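Read through the structure below, which is laid out as structure tokens, and then see the notes.
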Amino acid sequence: MTALTASPAWQALTAHHAQIKDAHLRELFADDPGRAERFSAEGAGLFLDYSKNRITGETLRLLLQLAEERGVTKRRDAMYAGDKINTTERRAVLHVALRAPRGSVIKVDGADVVPDVHKVLDAMADFATRLRSGAFTGHTGKRIRNVVNIGIGGSYLGPEMAYRALRPFSDRSMTFRFVANVDGADFHEATLGLDAAETLFIVSSKTFTTLETMTNAATARAWLVGKLGSDAAVAKHFAAVSTNIPGVTEFGIDPANTFGFWDWVGGRYSMDSAIGLSTMLAIGPDNYRAMLAGFHAMDEHFHTAPAAANLPMLLGLLTVWYNNFFGAQTLGVMPYSAHLARLPAYLQQLQMESNGKHVDLDGQVVNYQTGPIIWGEPGTDGQHSFYQLLHQGTKLVPCDMIGFCKPLSPLIEQHDLLMANLFAQAEALAFGKTEQELKAEGSPDFQRPFRVMQGNRPTNMILAEKLDPVTLGALVALYEHSVFVQGAIWKIDSYDQWGVELGKALASRIIPELSHGSEPALAHDASTNALISRYRRLRG
Ligand code: F6P
């Protein structure tokens, strides 16, 4: 394969960008009445309007040519076939198998993994049904009403995001809390006011070695045993989700409450594996399966839809367009739904841990930009905070905007207000306000320069009928596959995360240096030594 920046499509895109970089969305729309229709696509219940992007038909043609030259569909097929495309860890990447319908066949090393997936799903469903009905009780015979998920990164962000997103579908008589941070305040606040006799802890960790999670799990055990007065209570108040079953057994969690998954599921791609146990406990097995069906519908769409009408392909290529040709450093994700408040945080790990790489699959340092910084907030909150910079700042910030036609609350009029804001913001960002328009409105001379809105700020609009389990699954899968497309273009391993290792190792070295009583001599750099010394002095 030719080096990315020397490839014909890349070269052509570079020349094309020079030609159209100043074209304004006002002109692009004025010149092409069919633009909105032409630059839109639909799949798995999601509608994507990408017409408010700084592209022409030629841009799209060249981006699709780039995908072709980079073998994106070939790599996609290799992923779906269970090939070990995570080369640095020599692992298959098969989150699509987690939502494959019963009876489909997906092989890793010659063995079909789908029956195992459904075995775990069935076990989770059985556990969830017993717990939700009150048949599964705690150590004292009381019904479990509180669920505390202990996990971090992919073992936290997906479950918390999904719980918040699908709360209207959850059992409102139950309380769900999430502990991730090793800061004891996180555990303390999450358990404050909970009756231990009614509380289940789910220790979620792919590796079952993560410092934060293991520390919080040990704290939880001490908390529970302290409150209920017996070690035997652990069996009835702990469940575990992990690929490391020996680790779980050693911790002492009942194998009957232990749910496994596999090394071909990346942590940040695991919210629909057993890591989603808290989600299933909240919304029930049927809704959980509906969510999996949504994921699967998007998997099918990505696998079969022609590239020009393929949502993840389009979204991924547009990210590359702004990232590599316009030099945009970030991508904003603005859900117009209070329920999706944690989606940006979830997508941060998904995208940045996947595509924040500076070395390609051959181990060569790349000479182009890779993954953008992902950030965002629910839409109308953002409007009263950072949208000023989006509208009038000096940086180009492409944004994905996400909205739903049906509200989840009975306050229907408020939903119209919310959606009016969504549509208005995308319109304002694209078309802005000219000096002439301001003059015609009678805006005073001295203010006019400050009120001009240049526009030409690109957005993708993702619309769905309603935020329900099916839609959430499709939406998450859309982003998973968009991340895949970007990684395939950049020829990086989107499924490893070596960059997190050094910090973990250094923390392990520093931990004993902070222990009370023994304060060994420090041999770090001068700054780290001074900071540790100051901490030792001031902590009291
Ligand atoms: O430190 C990063 C990471 O390894 C993520 O990739 C992962 O999602 C998270 O830590 C948690 O890991 P685990 O599920 O093994 O506890």
Side-chain angles (χ1 to χ4, degrees), residues 85-95 98 120 124 148-163 178-183 186-187 201-221 238-251 253 258-279 342-357 371 374 476 479-480 483-484 487 492-511:
I85 66 161
N86 175 358
T87 46
T88 75
E89 295 181 316
R90 300 215 168 111
R91 286 178 180 166
V93 175
L94 269 183
H95 38 279
L98 297 171
V120 174
M124 287 165 65
V148 180
N149 186 79
I150 298 177
I152 198 162
S155 301
Y156 153 63
L157 288 161
E160 196 203 26
M161 181 276 288
Y163 169 63
F178 298 84
V179 178
N181 204 307
V182 77
D183 182 347
D186 208 14
F187 180 87
F201 291 100
I202 305 175
V203 186
S204 298
S205 173
K206 179 174 169 178
T207 54
F208 227 74
T209 57
T210 305
L211 171 87
E212 291 87 341
T213 302
M214 291 301 104
T215 305
N216 281 321
T219 303
R221 185 166 46 189
F238 274 79
V241 180
S242 186
T243 58
N244 176 4
I245 303 303
V248 174
T249 314
E250 201 187 313
F251 185 89
I253 294 177
T258 300
F259 305 89
F261 62 113
W262 309 271
D263 71 359
W264 40 262
V265 183
R268 54 195 174 273
Y269 296 86
S270 68
M271 61 167 274
D272 50 342
S273 71
I275 289 291
L277 182 62
S278 61
T279 315
R342 294 293 284 161
L343 182 70
Y346 171 78
L347 294 179
Q348 247 163 10
Q349 187 198 12
L350 183 70
Q351 293 237 15
M352 292 166 75
E353 205 172 66
S354 296
N355 285 342
K357 312 284 162 70
I374 307 296
V476 172
Y479 278 99
E480 287 178 345
V483 167
F484 170 89
I492 54 178
D493 190 335
S494 301
Y495 303 99
D496 63 14
Q497 55 284 318
W498 299 107
V500 301
E501 297 302 330
L502 178 59
K504 289 183 190 176
L506 291 180
S508 315
R509 180 180 159 199
I510 294 174
I511 289 165

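Counting starts at 1 for both ligands and their atoms, in listed order. The shown structure was predicted, so the numbers you read here are calculated from the model rather than taken from an experiment.
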Exercise. Could you verify whether a donor N or O on one side chain and an acceptor N or O on the other, from T213 and Y156, lie under 3.5 Å apart?
Key: no
Quiz item: For T243 and D263, does a side-chain donor sit closer than 3.5 Å to a side-chain acceptor?
Solution: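 Judged by distance alone, the side chains do not pair up.
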Exercise. Output the distance between atom CZ (F261) and atom OG (S273), rounded to the nearest 0.5 Å.
Key: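 OG of S273 is found 4.5 Å from CZ of F261.
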Exercise. Mark yes when over 12 heavy atoms from residues, nucleotides or ligands other than E250 sit less than 6.0 Å from its CD; otherwise mark no.
Key: no
Quiz item: Would you say R90 has more than 12 foreign heavy atoms packed within less than 6.0 Å of its CZ?
Solution: no
Quiz item: Can any side-chain N or O of N149 pair as donor or acceptor with the backbone N or O of E160 at less than 3.5 Å?
Solution: no
Quiz item: Using a 4.0 angstrom limit on heavy atoms, which residues are close to ligand 1?
Solution: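 Contacts of ligand 1 under 4.0 Å: I152, G153, G154, S155, S205, K206, T207, T210, G267, Q349, E353, Q497, V500, K504.
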